[in-house]
Engineer: 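Attaching a single structure in structure tokens format; questions to follow.
The basis for the numbers below is simple: all heavy atoms, side chains too, and nothing from hydrogens, waters or symmetry mates.
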Amino acid sequence: MPMNPAKAQDVWKDAGEHVQFTVLELNRQDQAKEQEAIQEFVDRYQAIIRSLRIRDNKGNLKASLGFSSAAWDYLFPDAPKPKELEPYETLASEKYSMPATKGDLFLHIRANDEAVVYELISQCMLFLRDFTTVVDETKGFRYFEGRAIIGFIDGTEAPQVEDAAEYAIVGDEDPFFENGSYAFAQKWRHHMDIWNKLTTETQEKAVGRKKFSDLELDEKEKFHNAHNVASQAKIDGVEQKIVRMNVPYSDPATGNTGTYFIGYSRYWKVTKLMLQNMLKNGDYLLTFSDILSGQLFFIPSRPLLDQIADGELN
């Protein structure tokens with residue numbers, strides 16, 4: 001069967017207005033019971049989404065559920081495994097680090113109405129809380145004009161929505177996992193006081209684009225480690241793309257402000273190469289940011305979720 005975006009979870013379009021990322025860790029107290037519990041949850045999860053889309057038909061609810069390499073091995077030990085699903089290990093250069101952190105299950109929820117996000121997570125936790133522990137819960141939001149919290153339009157380098165699916169969704173190179181996706185989640189905290197002291201011209205050279213118009217600068221105008229230069233990834237001379245749905249998060253009164261990076265890709269090796277290049281080239285964004293978390297997850301297709309719910313992967 002050919003790649004079919006309609007069978008994928010929501011991994012290739014729409015960053016959303018109200019967003020929540022939830023990372024959980026399995027308690028690992030009784031493997032058999034937790035395998036049964038995840039089957040029930042996956043079944044209920046899809047039903048909850050269907051119900052909420054009926055209850056709020058203008059909510060534009062999008063959701064994806066994923067599993068880390070360790071979770072896959074624990075929950076589905078006798079099943080095939082996605083070819084590129086591996087434990088994410090800390091990446092580092094002499095100056096910067098992208099740490100690996102805990103996480104077995106991943107939920108990425110977005111909708112036009114925060115109430116829909118709240119309801120979906122609340123109902124999910126009715127089933128998850130008995131056998132998981134929350135590692136991180138981050139609420140994101142759409143900033144003005146879809147800009148990153150640092151003031152620049154975000155996602156410009158991502159493929160257009162009409163072309164995005166083939167960059168985000170696994171194809172016939174891994175047939176059992178076709179229409180799945182590799183999701184890399186990473187939480188950045190920015191030192192906004194440092195960034196805001198820079199002139200607009202310096203900020204533009206650091207990002208590689210004009211701040212107001214979003215036009216890309218000429219190569220000679222950018223810093224050598226401008227973000228859109230440092231993060232480029234080429235394989236056999238061909239530039240690679242992933243689907244980014246980054247959003248800002250903030251507790252402004254306490255100064256806890258940053259970006260939640262989420263990249264969906266057909267190939268984990270592409271996202272990994274981008275991260276390695278950012279470190280190697282000293283991406284300017286790293287100079288005023290701390291990276292707090294990082295984990296790789298596989299997002300099964302919806303038919304594969306059905307198989308999980310039916311207990312066919314144990």
Side-chain angles (χ1 to χ4, degrees), residues 8-24 45-46 48-53 55-68 101 103 105-125 128 132 134-159 161 164-165 168 181-190 192 242-254 256-265 271 285 289 291-299:
Q9 294 192 63
D10 297 314
V11 300
W12 59 280
K13 62 180 179 180
D14 197 349
E17 299 285 332
H18 298 272
V19 186
Q20 183 161 328
F21 302 94
T22 301
V23 178
L24 305 106
Y45 165 77
Q46 296 183 96
I48 293 167
I49 291 173
R50 291 192 295 269
S51 173
L52 284 172
R53 284 175 174 162
R55 292 172 64 188
D56 184 11
N57 63 358
K58 297 180 181 179
N60 196 28
L61 173 62
K62 299 286 190 297
S64 59
L65 165 67
F67 303 86
S68 71
T101 49
L105 306 180
F106 176 68
L107 285 164
H108 176 199
I109 312 300
R110 59 258 195 218
N112 293 345
D113 189 338
E114 174 64 21
V116 177
V117 177
Y118 165 82
E119 187 68 13
L120 177 51
I121 293 293
S122 295
Q123 291 194 27
C124 286
M125 290 309 298
L128 290 170
T132 65
V134 176
V135 174
D136 181 71
E137 180 181 66
T138 300
K139 290 186 178 296
F141 58 94
R142 185 182 187 275
Y143 197 41
F144 296 115
E145 301 175 294
R147 294 179 183 269
I149 202 68
I150 60 172
F152 286 77
I153 299 291
D154 204 1
T156 300
E157 305 298 328
V161 66
S181 184
Y182 294 94
F184 183 71
Q186 193 177 57
K187 190 173 180 178
W188 292 53
R189 182 174 180 177
H190 303 311
M192 296 300 294
I242 64 173
V243 174
R244 299 177 180 87
M245 297 187 194
N246 309 341
V247 289
Y249 71 88
S250 184
D251 300 312
T254 63
N256 179 24
T257 296
T259 299
Y260 203 103
F261 170 87
I262 173 66
Y264 290 106
S265 182
T271 308
L285 298 187
S289 305
I291 299 180
L292 307 180
S293 67
Q295 186 56 271
L296 172 66
F297 302 94
F298 183 74
I299 313 296

Engineer: Spell out, as yes or no, whether a donor-acceptor pair under 3.5 Å connects the side chain of Arg189 to the backbone of Leu292.
Structural biologist: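 Such a contact is absent between Arg189 side chain and Leu292 backbone.
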Engineer: Taking it one step at a time, do Phe297 and Phe67 satisfy side-chain contact (heavy atoms from CB on, under 4.5 Å)?
Structural biologist: CA-CA 5 Å; Phe297 302 94; Phe67 303 86; 5.8 Å; no
Engineer: State, to 0.1 Å, how close Ala164 and Trp12 come at their nearest heavy-atom pair, and which atoms those are.
Structural biologist: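 In terms of heavy atoms, the two residues are closest at CB-O, 3.4 Å.
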Engineer: Which heavy-atom pair separates Gly258 from His190 by the least distance, and what is that distance?
Structural biologist: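 Closest approach of Gly258 to His190, heavy atoms only: CA-CD2, 3.5 Å.
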Engineer: Please walk me through it: do Ile121 and Leu107 pass side-chain contact (heavy atoms from CB on, under 4.5 Å)?
Structural biologist: CA-CA 9 Å; Ile121 293 293; Leu107 285 164; 4.3 Å; yes
Engineer: With side-chain contact (heavy atoms from CB on, under 4.5 Å) as the criterion, how do Val247 and Arg110 come out once you've worked through the C-alpha distance, each side chain's angles and the decisive distance to 0.1 Å?
Structural biologist: CA-CA 11 Å; Val247 289; Arg110 59 258 195 218; over 6 Å; no
Engineer: Can you name the closest pair of heavy atoms from Ala148 and Pro248 and give their distance?
Structural biologist: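 Scanning both residues completely, I find the closest heavy atoms to be C-CG, 4.4 Å.
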Engineer: For the residue pair Leu61 and Ile109, establish whether any side-chain heavy-atom pair is separated by less than 4.5 Å.
Structural biologist: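 Contact flag for Leu61/Ile109 side chains = yes.
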Engineer: After noting the C-alpha distance and the side-chain angles of Tyr182 and Thr271, does the key distance pass the side-chain contact (heavy atoms from CB on, under 4.5 Å) rule?
Structural biologist: CA-CA 9 Å; Tyr182 294 94; Thr271 308; over 6 Å; no
Engineer: Mind listing the closest non-hydrogen atom pair of Asp154 and Asn246 along with its distance?
Structural biologist: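 Heavy-atom minimum between the residues: OD2-CB, 3.2 Å.
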Engineer: Got Phe21 and Asp136 here, is their nearest side-chain heavy-atom distance under 4.5 Å?
Structural biologist: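 Side chain of Phe21 against side chain of Asp136, heavy atoms only: no contact under 4.5 Å found.
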Engineer: Nearest 0.5 Å, what's the CD1-CZ distance between Ile262 and Arg244?
Structural biologist: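 Rounded to the nearest 0.5 Å, the CD1-CZ separation comes to 12.0 Å.
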Engineer: Please give me the minimum heavy-atom distance between Tyr260 and Val23, naming the atom from each residue.
Structural biologist: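 Answer, listing the atom of Tyr260 first, then Val23: OH-CG2, 3.9 Å.
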Engineer: At their closest point, which heavy atom of Gly16 faces which heavy atom of Arg142, and how far apart are they?
Structural biologist: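 Looking at all heavy atoms of both residues, the closest pair is O-CB, 3.7 Å.
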Engineer: Report the distance from atom CZ of Phe261 to atom CE of Met245, rounding to the nearest 0.5 Å.
Structural biologist: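 Result: 11.5 Å between the selected atoms.
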Engineer: Is the shortest heavy-atom distance from the side chain of Met192 to the side chain of Ile149 under 4.5 Å?
Structural biologist: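 Yes. Closest side-chain heavy atoms under 4.5 Å.
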Engineer: Roughly how far apart are Leu105 CG and Gln295 CD, rounded to 0.5 Å?
Structural biologist: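 If I round to the nearest 0.5 Å, the distance is 11.0 Å.
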Engineer: What I'd like to find out is whether the side chain of Phe106 reaches to under 4.5 Å of the side chain of Ser68, using heavy atoms alone.
Structural biologist: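 Phe106 does not reach Ser68 side chain to side chain.
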Engineer: Where the side chain of Tyr249 meets the backbone of Trp188, is there a donor-acceptor pair that is under 3.5 Å apart?
Structural biologist: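 Yes, because the side chain of Tyr249 sits within donor-acceptor range (under 3.5 Å) of the backbone of Trp188.
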Engineer: Are Met125 and Val134 side-chain neighbours, meaning at least one heavy-atom pair lies under 4.5 Å?
Structural biologist: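 In short, these two side chains touch, coming nearer than 4.5 Å.
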Engineer: What distance do Asn256 atom CG and Ser250 atom OG have between them, rounded to the nearest 0.5 Å?
Structural biologist: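 Taking CG in Asn256 and OG in Ser250, the distance rounds to 7.0 Å.
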Engineer: My understanding is that only residues two or more places apart in sequence, or in another chain, count here; which of them pass salt bridge (Lys or Arg N to Asp or Glu O under 4.0 Å) with Glu114?
Structural biologist: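 Checked Glu114 against salt bridge (Lys or Arg N to Asp or Glu O under 4.0 Å); matches are Lys139.
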Engineer: Measure the shortest side-chain to side-chain distance between His108 and Tyr264 over non-hydrogen atoms and say whether it is less than 4.5 angstrom.
Structural biologist: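 Side-chain contact under 4.5 Å: yes.
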Engineer: Could you check whether any side-chain N or O of Ser64 sits under 3.5 Å from a backbone N or O of Gln9, counting only pairs where one atom can act as donor and the other as acceptor?
Structural biologist: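 The answer is no, because no donor-acceptor pair under 3.5 Å joins these two groups.
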Engineer: Any chance you could measure Leu285, atom CG, to Thr259, atom OG1, to the nearest 0.5 Å?
Structural biologist: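 Those atoms lie 8.0 Å apart.
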Engineer: May I ask you to test the Glu119-Asp113 pair for a side-chain heavy-atom distance under 4.5 Å?
Structural biologist: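 Not touching, per the 4.5 Å side-chain cut-off.
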Engineer: Is Phe141 atom CZ crowded by more than 12 heavy atoms from other residues, nucleotides or ligands, each under 6.0 Å away?
Structural biologist: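 Yes, CZ of Phe141 has more than 12 neighbouring heavy atoms, counting only those of other groups under 6.0 Å.
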Engineer: Evaluate the side-chain proximity of Ile291 to Gln186: yes if any heavy-atom separation is below 4.5 Å, no if none is.
Structural biologist: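 Gln186 reaches Ile291 side chain to side chain.
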Engineer: Kindly compute the distance separating CD1 (Ile299) from OG (Ser265), expressed to the nearest 0.5 Å.
Structural biologist: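 Between atom CD1 of Ile299 and atom OG of Ser265 there are 12.0 Å.
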